[in-house]
There are 2 protein chains.
Amino acid sequence: MPAEAKADSKNTRQASHSPAHAPQPASPPLTERQEARRRRILHASAQLASRGGFDAVQMREVAESSQVALGTLYRYFPSKVHLLVATMQDQLEHMHGTLRKKPPAGDTAAERVAETLMRAFRALQREPHLADAMVRALTFADRSVSPEVDQVSRQTTVIILDAMGLDDPTPAQLSAVRVIEHTWHSALITWLSGRASIAQVKIDIETVCRLIDLTTPDDGR
Amino acid sequence: MPAEAKADSKNTRQASHSPAHAPQPASPPLTERQEARRRRILHASAQLASRGGFDAVQMREVAESSQVALGTLYRYFPSKVHLLVATMQDQLEHMHGTLRKKPPAGDTAAERVAETLMRAFRALQREPHLADAMVRALTFADRSVSPEVDQVSRQTTVIILDAMGLDDPTPAQLSAVRVIEHTWHSALITWLSGRASIAQVKIDIETVCRLIDLTTPDDGR
DNA sequence: CGCTAATCTAGAACAAGTTTCAGACTTGAT
DNA sequence: ATCAAGTCTGAAACTTGTTCTAGATTAGCG
């Protein structure tokens, strides 16, 4: 009946992802060739993004670069934003892996979180255009991309909780983490649009991380 | 020599705004007819935005609604994002005026800021589509819109400082305000994209406002 | 192996933001 | 009142995201 599986046949939206390591609603498994196409697409996306940011990721070019027809590209990723958010998921996994290897060394949870975020920030600084593409896509995403954006958010939460060294956080701590994420995203945007310096971002991150001290009186402060 | 002033002649970007009450680099003054055009445009923009959000603000429709040629629209506002950010500036002024009339009544600075932001949030909830258009434009804006976005940011800062009741804030307090603004913007986005409930936004705002207590030990805590 | 359903491709077509242009209109200065 | 410079208009053109279509290909089943 089917062939080459079905990355997304009936459902109009919702691309498919399930790199085996991300706990997702399990979209139908992909053929090898499909998996390869998907990788080529994400690779092309990241490459173009690295060159010129959000605007440089043009769907026709992505299709050409990844040797895939435009229609196919849209079958895998229903919109440019979906594509870039998926690209971000990809990069985030890298990042998380990297961070796991060298855990932050601060004494307090606040210090460790701040250090982790600054490390991530420095990574983004190495590819500012890529960062631009991913972050802009993330914040521009509308409801149709919510599941994917949410996944990115969850992944970010995990990274922060990892840095804090918590197994089961209290509600108050989760609130603090949420606010930290808000600040992280928004600060990135101000940096990317040239309205804040790197130093300013650093200060903002350190400032918001102090919130952690308020919720874990045993550790910090 | 010139005629009808020059909203933006030589300089390729940068629309003109100077509603007399906003302290700006003073772009060349506008004729009455030009001022009227500008108002018509902003009004049409807000109206369309109120209907269907960011996507519903289509430049051709704005031009038609405001009885202006498309080229003229682009002379006044070099891009859709510029237009929507200007629309936001407009709305923010309203808001600030409204807030001045009924200052928040909380005991601590943190409470007053949270109350102020929640009041603004409720106003946005009354026109969720308009909020969508303005906030999406704000976060999607690239460097070419930095001055205008910055102006919005400054205006927001003033509103928050007003609520805190401070004349000359310390650097630490300014950092807290920056983080509050970050959280405010990002929380709005998560709400607009349906990833967070109204209740969740409230919690986030209250959480981040506790940062104020950290910087003004005399008042709160 | 042969079938059938689903996928992929190439390319046209459509939509909305942005640019461009020629000509009509305003404005402020002489 | 006249003129030069700048502005506005209407319409076409261009760009890039997105959709659609017809036909070639592929996958898995009997």
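Letters A, B, ... are given to chains in the order of the sequence lines, protein chains preceding strands, and every chain is numbered from 1.
- Here the side chain of A:T72 is nearest to one of D:dC8, C:dT9, D:dT9, namely C:dT9.
- Ring geometry for B:F140 versus A:F140: interplanar angle under 30°, hence parallel rather than tilted (30 to 60°).
- The CG-C1' distance, from A:L73 to D:dC20, rounds to 16 Å in whole Å.
- Remark: the A:R33 side chain and the A:T31 side chain contain no N/O donor-acceptor pair separated by less than 3.5 Å.
- Residues of residues 49-60 of chain B that place a heavy atom closer than 4.0 Å to DNA chain D, in numerical order, are B:R60.
- Residues A:H96 and A:D162 are in side-chain contact: their nearest non-hydrogen atoms beyond the backbone lie under 4.5 Å apart.
- In this structure, the CG atom of B:L70 is 12 Å from the C1' atom of D:dC8, given to the nearest Å.
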For the pair B:E181 and B:T157, evaluate side-chain hydrogen bond (donor to acceptor under 3.5 Å, both in side chains) and give the outcome as yes or no after the intermediate values. CA-CA 8 Å; B:E181 283 188 46; B:T157 301; 2.4 Å; yes
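- Separating the CG atom of B:L83 from the P atom of C:dG17 is a distance of 10 Å, rounded to the nearest angstrom.
- With B:S186 contributing its side chain and B:H182 its backbone, the two residues share no donor-acceptor pair below 3.5 Å.
- Between A:Q89 and A:E148, the closest heavy-atom pair is NE2-O, 3.4 Å.
- When rounded to the nearest whole Å, the span between CZ of B:F140 and P of C:dG17 equals 12 Å.
- For the pair B:K80 and B:F54, the cation sits on the ring face: its NZ or CZ lies under 6.0 Å from the ring centre, inside 45° of the axis.
- For C:dC8, the OP1/OP2 oxygens have no side-chain nitrogen or oxygen of A:Y74 closer than 4.0 Å.
- The interatomic distance linking B:R75 (CZ) with C:dT18 (P) rounds to 17 Å, in whole Å.
- If you take CZ of A:F77 and P of D:dG17, they are 16 Å apart, rounded to a whole angstrom.
- Nucleotide D:dC8 holds its C1' atom 11 Å from the CZ atom of B:R40, rounded to whole Å.
- Contact annotation for B:Q67: backbone-only contact, meaning every heavy-atom pair under 4.0 Å involves sugar-phosphate atoms and none involves a base.
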Polar atom pairs between nucleotides 1-3 of chain D and protein, under 3.5 Å, N or O only, would you list them?
none

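- Distance alone, capped at 3.5 Å, places no donor-acceptor pair between the A:R51 side chain and the A:V57 backbone.
- Atom CD of A:E35 and atom P of D:dT26 are 19 Å apart (whole Å).
- Here A:R119 pairs with A:E115 in a salt bridge; the nearest charged N to carboxylate O distance falls below 4.0 Å.
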